[in-house]
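Since the structure comes first, as structure tokens, the remarks are kept for the end.
Excluded from the calculations below are hydrogen atoms, water molecules and symmetry mates; all remaining heavy atoms, backbone and side chain alike, are included.
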Amino acid sequence: MPPLLDRRIALITGGSRGLGLAIAERFAAEGAVGYALDLAQTNAGTQLPAGFSAIAADVGDEMTLEAAMRSAWRAHGRIDVVVANAGLVPPWRETEGLDMTEWDRVMTVNVRGVAATLKHATPLMKASGGAIIVIASINAYLAHPRQMLYTASKHAVLGIIRAAARDLGRFGIGVNGIAPGPIATDALLERIRTRARHGGAPEQEALAALVADNALARLATADEVAKAALFLASDLASGISGELLPVDAGLA
């Protein structure tokens, strides 16, 4: 059997680190080539998988984002898979301590950036169809204390997924999302250590609390999120659109 993404062209925002890089690696292993769109400083020194190239882009800047996406399209004449992965995780804050400048910055990336990615992916994919995958969060359908900003941004992302699926289905474009639970990335571990330095639970205690209610008694991994993205990007998911797939080790 040919690889699941044999010769498909993929574009991944935030693709040079974390979940985006794990998705690029999984896609490359299944035959895809394409581009990781990320900030120039993030791209620097990143080792992308064979067949993937870095393009500097900021999803918060619509003009540079569109230019980067069109550059990727011109190189191959089509885009088959778009993963809207770029996002920010702000510090936890009480409601009365919300920083509205921070609010605007996070919403610009997490919400406006996703919407802009889909906006500019559409004309590049209309002729041939394909798959769009948005990386959301369990906070798209759950809320936790001191996470109003992040939760609001990911609830908005779920609305984008559902609305875009309705808009783009007639072009043969499926739009789905993935809702990762806590994933033991370097970013998560650093946030836990930062909270510990400021009086929060020690690292191992905090990690144990994250898995306490998980059906699998562990955290999901970045590669498991990447496998879910591979499924949604492939023909195996050709009849699925407008859905949000949790990858949370059974948290919900």
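The distance from atom OG1 of Thr117 to atom CD1 of Ile12, rounded to the nearest 0.5 Å, is 12.5 Å.
In summary, Glu30 and Arg26 do not engage in a salt bridge, as defined by a charged side-chain N under 4.0 Å from a carboxylate O. Under a 4.0 Å N-O distance rule, the pair Glu62/Lys119 qualifies as a salt bridge. A salt bridge is absent between Glu243 and Arg162; no separation between the charged side-chain nitrogens and carboxylate oxygens falls under 4.0 Å. Remark: Arg146 does not engage Glu96 in a salt bridge, criterion side-chain N to carboxylate O under 4.0 Å.
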>> For Asn139 and Thr151: C-alpha separation, side-chain torsions, deciding distance, then whether side chain to side chain donor-acceptor pair (under 3.5 Å) applies.
In response: CA-CA 5 Å; Asn139 286 85; Thr151 298; 3.0 Å; yes
>> Show, in sequence, the C-alpha distance, side-chain angles and deciding distance for Leu4 and Phe27, and conclude whether the side chain to side chain contact (heavy atoms under 4.5 Å, CB included) test is met.
In response: CA-CA 9 Å; Leu4 286 174; Phe27 280 14; over 6 Å; no
>> Using side chain to side chain donor-acceptor pair (under 3.5 Å), reason through Arg197 and Thr194 one step at a time and then give a plain yes or no.
In response: CA-CA 5 Å; Arg197 289 194 295 269; Thr194 298; 3.1 Å; yes
> Val33 and His76: side chain to side chain contact (heavy atoms under 4.5 Å, CB included), yes or no, with the steps?
Replying inline: CA-CA 10 Å; Val33 298; His76 296 276; 4.3 Å; yes
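For the residue pair Arg74 and Ser71, no side-chain donor N or O sits within less than 3.5 Å of a side-chain acceptor on the partner. In the model, Tyr150 has no side-chain atom that pairs as donor or acceptor with a side-chain atom of His155 under 3.5 Å. Of the N and O atoms on the side chains of Asp58 and Thr64, not one donor lies less than 3.5 Å from an acceptor on the other residue.
Nearest heavy-atom pair, Val247 versus Ala228, reported as atom, atom and distance to 0.1 Å: CG2-CB, 3.7 Å. Closest heavy-atom contact between Leu48 and Gly15: CD2-O, 3.8 Å. In this structure, Leu244 and Ala140 approach most closely via the heavy-atom pair CD2-CB, 3.8 Å.
Remark: of the listed residues Asp223, Leu219, Leu210, Val225, Val225 is the sole one forming a side chain to side chain contact (heavy atoms under 4.5 Å, CB included) with Ile183. The one candidate from Asp80, Val81, Ile132 that meets the side chain to side chain contact (heavy atoms under 4.5 Å, CB included) condition with Met125 is Ile132.
For Asp235, the salt bridge (charged side-chain N to carboxylate O under 4.0 Å, His left out) partners two or more places apart in sequence, or in a different chain, are Arg8. Arg193 pairs by the salt bridge (charged side-chain N to carboxylate O under 4.0 Å, His left out) definition with Glu203, not counting sequence neighbours.
Side-chain contact between Pro246 and Leu251 is absent, with no heavy atoms from C-beta onward closer than 4.5 Å.
Under the 3.5 Å distance criterion, the side-chain polar atoms of Ser137 are left unmatched by any main-chain donor or acceptor of Ala179.
Residue pairs meeting the side-chain hydrogen bond (donor to acceptor under 3.5 Å, both in side chains) criterion with at least one member in residues 41-57, sequence neighbours excluded: Ser16-Asn43.
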